[in-house]
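Okay, so here's the structure we're looking at.
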Amino acid sequence: MSDYDMDGHPRGNPADDKDRTIAIVIYILYLLGFGGALTAVVGVALAHSKTTHDPLWRSHFDYQIRTFWLGFATLVVGGILALVLIGYIILAWWALWTVIRVVKGLMLAINSEPVDDPQTLWW
């Protein structure tokens, strides 16, 4: 049996495969959150509940947690400032920022690659 899967990625242990699946599910829940916030809340709860010692997957869960909470704060500020119209620009920025971060993280998770800097404010 080869140490690599059909895509050429190294075979990991079952815990790594489970962490990879959960990370991908959380990213998908975040994307679905644009249709209903509950899925994003479920996603961040899952990310907070994950305990892993693998730095690759820890980077994803930290990135997901940071994405949710920074996004939530931006959403609240944008919602309040929408009363004076500037909030709509903030809300548009939040949507773009969130999609870019989630798609980037999802692509990295699919390829079993870590997030370089999970604490970044950007991408």
Side-chain angles (χ1 to χ4, degrees):
M1 179 178 214
S2 171
D3 290 337
Y4 296 90
D5 65 16
M6 293 176 64
D7 296 325
H9 296 103
R11 291 187 192 275
N13 64 43
D16 289 343
D17 292 341
K18 183 178 177 186
D19 287 342
R20 178 177 182 258
T21 300
I22 292 171
I24 290 170
V25 165
I26 293 169
Y27 287 121
I28 292 169
L29 288 170
Y30 280 7
L31 287 175
L32 293 173
F34 283 102
L38 183 60
T39 61
V41 172
V42 170
V44 76
L46 259 172
H48 273 292
S49 72
K50 278 306 293 169
T51 55
T52 182
H53 299 292
D54 185 332
L56 187 157
W57 300 114
R58 182 78 262 151
S59 73
H60 280 278
F61 299 131
D62 290 346
Y63 185 74
Q64 291 166 334
I65 291 166
R66 190 162 176 87
T67 298
F68 178 87
W69 289 113
L70 289 172
F72 180 76
T74 304
L75 192 59
V76 168
V77 170
I80 292 168
L81 291 177
L83 298 171
V84 291
L85 302 180
I86 187 91
Y88 292 108
I89 295 169
I90 294 169
L91 293 173
W93 167 253
W94 163 80
L96 178 66
W97 177 85
T98 301
V99 168
I100 291 171
R101 282 181 65 99
V102 170
V103 169
K104 174 195 171 191
L106 180 59
M107 292 183 339
L108 290 170
I110 287 169
N111 292 319
S112 297
E113 297 174 14
V115 176
D116 290 333
D117 182 10
Q119 298 305 315
T120 186
L121 291 174
W122 305 110
W123 301 283

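Just so you know, these numbers use all the heavy atoms, side chains as well, and skip hydrogens, waters and symmetry mates.
No single ILVMFWY cluster, assembled from side-chain heavy atoms under 4.5 Å apart, contains both L31 and M107. If you chain together hydrophobic residues whose side chains sit under 4.5 Å apart, I28 and V99 never meet in one group. Under a hydrophobic clustering in which Ile, Leu, Val, Met, Phe, Trp and Tyr are joined whenever their side-chain heavy atoms come within less than 4.5 Å, directly or via other members, F61 and V25 fall into the same cluster. When hydrophobic clusters are built by joining Ile, Leu, Val, Met, Phe, Trp and Tyr residues whose side-chain heavy atoms come closer than 4.5 Å, directly or via intermediates, L29 is grouped together with V41.
To the nearest 0.5 Å, atoms OH (Y27) and CD1 (I24) are separated by 9.5 Å. Between D19 atom CG and T51 atom OG1 the span is 8.5 Å, to the nearest 0.5 Å. For the atom pair CD1 (I100) and OG1 (T67), the distance works out to 11.5 Å, reported to the nearest 0.5 Å. Separation of atoms CG (L32) and CG (L38) is listed at 11.0 Å; rounding is to 0.5 Å. Put simply, CG on D54 and OG on S112 are 9.5 Å apart, with the number rounded to the nearest 0.5 Å. Here the straight-line distance linking atom OG1 of T21 with atom CH2 of W57 works out to 8.5 Å at 0.5 Å rounding.
Less than 6.0 angstrom separates the ring centroid of W94 from the ring centroid of F34.
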Enumerate donor-acceptor pairs with a distance under 3.5 Å from any side-chain N or O in residues 70-85 to protein atoms, sequence neighbours excluded.
from: T74; atom 1: OG1; to: L70; atom 2: O; distance (Å): 2.9

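Panel note: side chain H60, backbone E113; a donor-acceptor pair is recorded below 3.5 Å. In this structure, R101 contributes its side chain and W122 its backbone to a donor-acceptor pair below 3.5 Å. Between the W97 side chain and the L121 main chain, a donor and an acceptor come within less than 3.5 Å of each other. Checked by atom type and distance alone, the side chain of Q64 never pairs as donor or acceptor with a backbone atom of I26 at under 3.5 Å. T120 places no side-chain N or O within 3.5 Å of a backbone atom of D117 that could act as its donor or acceptor partner. Judged by distance alone, the side chain of Y63 and the main-chain N or O of Q119 form no donor-acceptor pair under 3.5 Å.
Put simply, the side chain of W69 reaches to within 4.5 Å of the side chain of H48, judged on heavy atoms.
Of the residues listed (V103, L56, V115), the one engaging L108 in a side chain to side chain contact (heavy atoms under 4.5 Å, CB included) is V115, and it is the only one.
The two residues S59 and P118 have their closest heavy-atom pair at O-CB, 3.4 Å. For Y30 against I65, the heavy-atom pair with the smallest separation is OH-N, 4.2 Å.
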Test salt bridge (charged side-chain N to carboxylate O under 4.0 Å, His left out) applied to D62 and R66, step by step: CA-CA 6 Å; D62 290 346; R66 190 162 176 87; over 6 Å; no
